[in-house]
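Have a look at the structure below before the remarks.
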Amino acid sequence: MNERGFTVANVNYRQELVPFDRKTLLERIKAQLSDGRFQHVLRVEQTALDLAERYGGDKQRAGLAGLVHDYAKQRPDEEYKALIRTEGFDPELLAYNNGIWHGVVGAFIIERELGIHDEQILNAVRQHTIGSDNMTKLDKIIFVADFIEPGRDFPGIEAARQAAATSLDAGVAFEIKQTLNYLLSTNKKIYPKTIATYNAYVAK
Ligand code: DGI
Ligand code: FE
Ligand code: FE
């Protein structure tokens, strides 16, 4: 439990998945993030473990992906733009911002700096903000855990948690609909995969 009464995971991840013990891994993540963001990733780790338990997912990959999913969130825009230009990313990404970059490009940074090469984990990080039209169970667990972790408080959070308790697909559908509504109401540019996720999990 932490100071707000949330359960905090204490999992050692397999050496084949990440080359650091838990203490070192947490230190490296903490050094990248504000305290609030660090607490968020700990809660996403625990929530992802809970969802993996409930839905028969891979707990090692779910917990670890939850822990690292926002590792690169606080990098400067200039670093992202340079990586997009030099590392073979779709130049269309330059038309977006940190909201999209920290997952899609963040996975590259995580692989390089944390030595995580597992494609299932990296894909879950890439998709954690936007989803896709063919999400794996792990992708869904991370997408949903990020949205419903116990520190989240916004109108609709209880309905989001109920949807996630019904099924992972219901959780994904609820979340992408709410996100898309928000993006539309604030005139944000919609990333194509965000629409693909809506079409795959919401549209009838
Ligand atoms: O990193 P977190 O704050 O934990 O959560 P997140 O990764 O789900 O969301 C990051 C931001 O990305 C959030 O403010 C919403 C935004 N976002 C999600 N889909 C799109 C988007 N922004 C744009 N412009 N277009 C999208 O399709
Ligand atoms: Fe994120
Ligand atoms: Fe997050």
Side-chain angles (χ1 to χ4, degrees), residues 6 8-9 26 29-30 32-51 62-77 80-81 84 89-90 92-110 114 116 121-133 135 138-157 160-161 163-164 168 171-203:
F6 303 134
V8 177
L26 289 187
I29 296 168
K30 198 174 182 15
Q32 295 290 322
L33 300 176
S34 67
D35 187 54
R37 179 66 52 183
F38 181 65
Q39 298 301 325
H40 162 70
V41 303
L42 292 177
R43 293 189 301 265
V44 174
E45 179 192 30
Q46 180 62 55
T47 305
L49 286 165
D50 293 345
L51 289 171
L64 184 52
L67 194 55
V68 303
H69 80 283
D70 279 341
Y71 173 82
K73 176 100 175 174
Q74 292 173 310
R75 297 302 176 93
D77 288 355
Y80 278 115
K81 289 180 194 163
I84 292 164
F89 287 96
D90 181 351
E92 180 56 23
L93 277 166
L94 292 168
Y96 293 87
N97 58 26
N98 176 279
I100 302 297
W101 298 337
H102 80 282
V104 176
V105 185
F108 176 91
I109 298 174
I110 289 165
L114 294 179
I116 295 173
I121 293 174
L122 296 174
N123 272 328
V125 172
R126 290 182 185 112
Q127 296 181 24
H128 86 263
T129 310
I130 54 182
S132 77
D133 60 7
M135 298 170 80
L138 181 66
D139 298 335
K140 293 173 190 172
I141 286 172
I142 300 306
F143 187 79
V144 169
D146 189 26
F147 201 67
I148 65 162
E149 58 94 344
R152 296 284 198 202
D153 185 16
F154 50 78
I157 183 64
R161 290 185 179 129
L168 284 174
V172 169
F174 188 96
E175 170 177 349
I176 197 67
K177 189 170 177 180
Q178 181 142 326
T179 299
L180 201 46
N181 267 324
Y182 161 77
L183 294 167
L184 291 171
S185 71
T186 50
N187 296 335
K188 294 286 193 321
K189 188 169 164 112
I190 313 288
Y191 192 68
K193 267 199 180 169
T194 304
I195 299 172
T197 308
Y198 172 84
N199 284 338
Y201 293 94
V202 183

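Atoms within a ligand are numbered from 1 in the order they appear, just like the ligands themselves.
Between Asp139 and Arg126, none of the side-chain N atoms (NZ, or NE/NH1/NH2) sits under 4.0 Å from a carboxylate O, so this pair counts as no salt bridge. A salt bridge links Lys189 with Glu92: the closest approach of a Lys/Arg side-chain nitrogen to an acidic carboxylate oxygen falls below 4.0 angstrom.
The nearest N, O or S atom of Glu149 is not closer to the Fe ion (ligand 3) than 2.8 Å.
Less than 4.0 angstrom separates some heavy atom of Tyr191 from each of these atoms of ligand 1: 25 (N), 26 (C), 27 (O). Set against the non-hydrogen atoms of Asp70, the atoms of ligand 1 under 4.0 Å away are 1 (O), 2 (P), 4 (O). Of all the atoms in ligand 1, the ones that sit under 4.0 Å from a non-hydrogen atom of Ile190 are 27 (O). Less than 4.0 angstrom separates some heavy atom of His128 from each of these atoms of ligand 1: 7 (O). Ligand 1 places these atoms under 4.0 Å from at least one heavy atom of His102: 1 (O), 7 (O), 10 (C).
For the ligand labelled ligand 1, residue Arg152 lies inside the 4.0 Å heavy-atom shell.
Residue His102 approaches the Fe ion (ligand 2) most closely through its N/O/S atom NE2.
Leu183 CD1, 3.4 Å is the protein heavy atom nearest to atom 26 (C) of ligand 1. In terms of protein heavy-atom proximity, atom 25 (N) of ligand 1 is closest to Lys189 O, 2.8 Å. For atom 14 (O) of ligand 1, the closest non-hydrogen atom on the protein side is Tyr182 CE2, 4.9 Å. The protein atom (non-hydrogen) at minimum distance from atom 8 (O) of ligand 1 is Asp146 OD2, 3.3 Å. Atom 2 (P) of ligand 1 has as its closest protein heavy atom Arg37 NH1, 3.4 Å. Annotation: atom 11 (C) of ligand 1 to nearest protein heavy atom, Gly99 CA, 3.8 Å. What sits closest to atom 1 (O) of ligand 1 on the protein, heavy atoms only, is Lys73 NZ, 2.8 Å.
Looking only at side-chain heavy atoms (C-beta outward), Ile130 and Val104 come within less than 4.5 Å of each other. No side-chain heavy atom of Phe89 sits less than 4.5 Å from a side-chain heavy atom of Leu94. Side-chain contact between Thr197 and Met135 is present, with at least one heavy-atom pair separated by less than 4.5 Å. With a 4.5 Å cut-off on side-chain heavy atoms, Ile142 and Leu51 do not count as touching. Side-chain contact between Trp101 and Lys81: present, with at least one pair of heavy atoms (C-beta onward) separated by less than 4.5 Å.
Side-chain contact check for Gln127 and Ser132: at least one donor-acceptor pair (N or O, by modelled atom type) lies under 3.5 Å.
Ranked by closest heavy atom to atom 17 (N) of ligand 1, the top entry among Asn97, Thr129, Thr197 is Thr129.
For ligand 1, the polar-atom distance check against Thr194 finds a nitrogen or oxygen pair separated by under 3.5 Å.
Aromatic rings of Phe154 and Phe147 (six-membered ring for Trp) have centroids within the 6.0 Å cut-off, being under it.
The OD2 atom of Asp70 and the NE2 atom of His69 meet at the Fe ion (ligand 3) at an angle of about 90°, given to 10°. The Fe ion (ligand 3) forms the vertex of an angle spanning NE2 of His40 and OD1 of Asp146; to the nearest 10 degrees it equals 80°.
The residue from Glu149, Glu45, Lys73 that alone fulfils the side-chain hydrogen bond (donor to acceptor under 3.5 Å, both in side chains) condition with His40 is Glu149.
To the nearest 0.5 Å, atoms NZ (Lys193) and OG1 (Thr129) are separated by 11.5 Å.
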